[in-house]
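Notes follow once the structure below has been shown.
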Amino acid sequence: MSDARTPAQIEADIARRRQELAVTLDEIGVRMHPKTIIGDAKAKAASAVDRTAGRAYVSANRVVTGVRAQLVSEEGRPRMERIVPVALAVAGLVGLLALSARSSRSAKASRSSRCAKRHR
């Protein structure tokens, strides 16, 4: 009928709870230590990079497979009727980019020479 505890039981309970609290505080200390936080952040970043790189690889592989299917026959022979137009389009694009870069550089040079003449 009596739920009364003895002083020894109370002291043992207090000692046990102190030990549990000490373990909990140690765990918190380890979790909150700057090296642990940095390590966790590095691990999360590495995991995110791995996932992103994996997705990028799968996407690139899918694109390459699709392009290859368009430019190579099932027997493995090149499909010249498709390769030539693609090559010409790529060459034209490279040419346009080169002209654009050259005209951009000449425009910058022209502006800088005009600016230098004004400030003389």
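- With sequence neighbours left out, Glu20 forms a salt bridge (Lys or Arg N to Asp or Glu O under 4.0 Å) with Arg16.
- Partners of Glu27 according to the side chain to side chain donor-acceptor pair (under 3.5 Å) rule, which considers only residues two or more places apart in sequence or in another chain, do not exist here.
- Qualifying side chain to side chain contact (heavy atoms under 4.5 Å, CB included) partners for Ile14, counting only residues two or more places apart in sequence or in other chains: Ile10, Arg18.
- Closest approach of Val86 and Leu71 over heavy atoms only: CG2-CD2, 4.3 Å.
- In this structure, Val72 and Pro78 have side chains that are not in contact, with every pair of non-hydrogen atoms separated by 4.5 Å or more.
- The other members of the hydrophobic cluster of Leu93, by chain and number, are Leu97 (side-chain heavy atoms under 4.5 Å, ILVMFWY only).
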Indicate every side-chain donor-acceptor pair of residues 56-70 with a distance under 3.5 Å to a residue at least two apart or in another chain.
from: Ser59; atom 1: OG; to: Arg55; atom 2: O; distance (Å): 3.1
from: Thr65; atom 1: OG1; to: Asn61; atom 2: O; distance (Å): 2.8
from: Gln70; atom 1: OE1; to: Arg82; atom 2: NH1; distance (Å): 3.0

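- Every pair tested for side chain to side chain donor-acceptor pair (under 3.5 Å) that includes a residue from residues 86-98 fails, sequence neighbours excluded, so the list is empty.
- Here Leu25 is tied into one hydrophobic group with Leu21, each link being a pair of ILVMFWY side chains closer than 4.5 Å.
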Walk me through whether Glu11 and Thr6 qualify under side-chain contact (heavy atoms from CB on, under 4.5 Å). CA-CA 9 Å; Glu11 287 177 8; Thr6 66; over 6 Å; no
For residues 31-48, run the donor-acceptor check on the side chains, cut-off 3.5 Å, and write out each pair with its distance to 0.1 Å, sequence neighbours left out.
from: His33; atom 1: ND1; to: Lys35; atom 2: N; distance (Å): 3.1
from: Thr36; atom 1: OG1; to: Val30; atom 2: O; distance (Å): 2.7
from: Ser47; atom 1: OG; to: Arg51; atom 2: NH1; distance (Å): 2.8

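- Applying the side chain to side chain contact (heavy atoms under 4.5 Å, CB included) test to Gln19 and every residue at least two apart in sequence or in another chain returns Val23.
- Closest non-hydrogen pair, Met80 versus Pro85, comes out as O-CD, 4.1 Å.
- With sequence neighbours left out, Ser103 forms a side chain to side chain donor-acceptor pair (under 3.5 Å) with no residue at all.
- Under the side chain to side chain contact (heavy atoms under 4.5 Å, CB included) criterion, Ser73 pairs with Glu75, Arg77, Arg79, not counting sequence neighbours.
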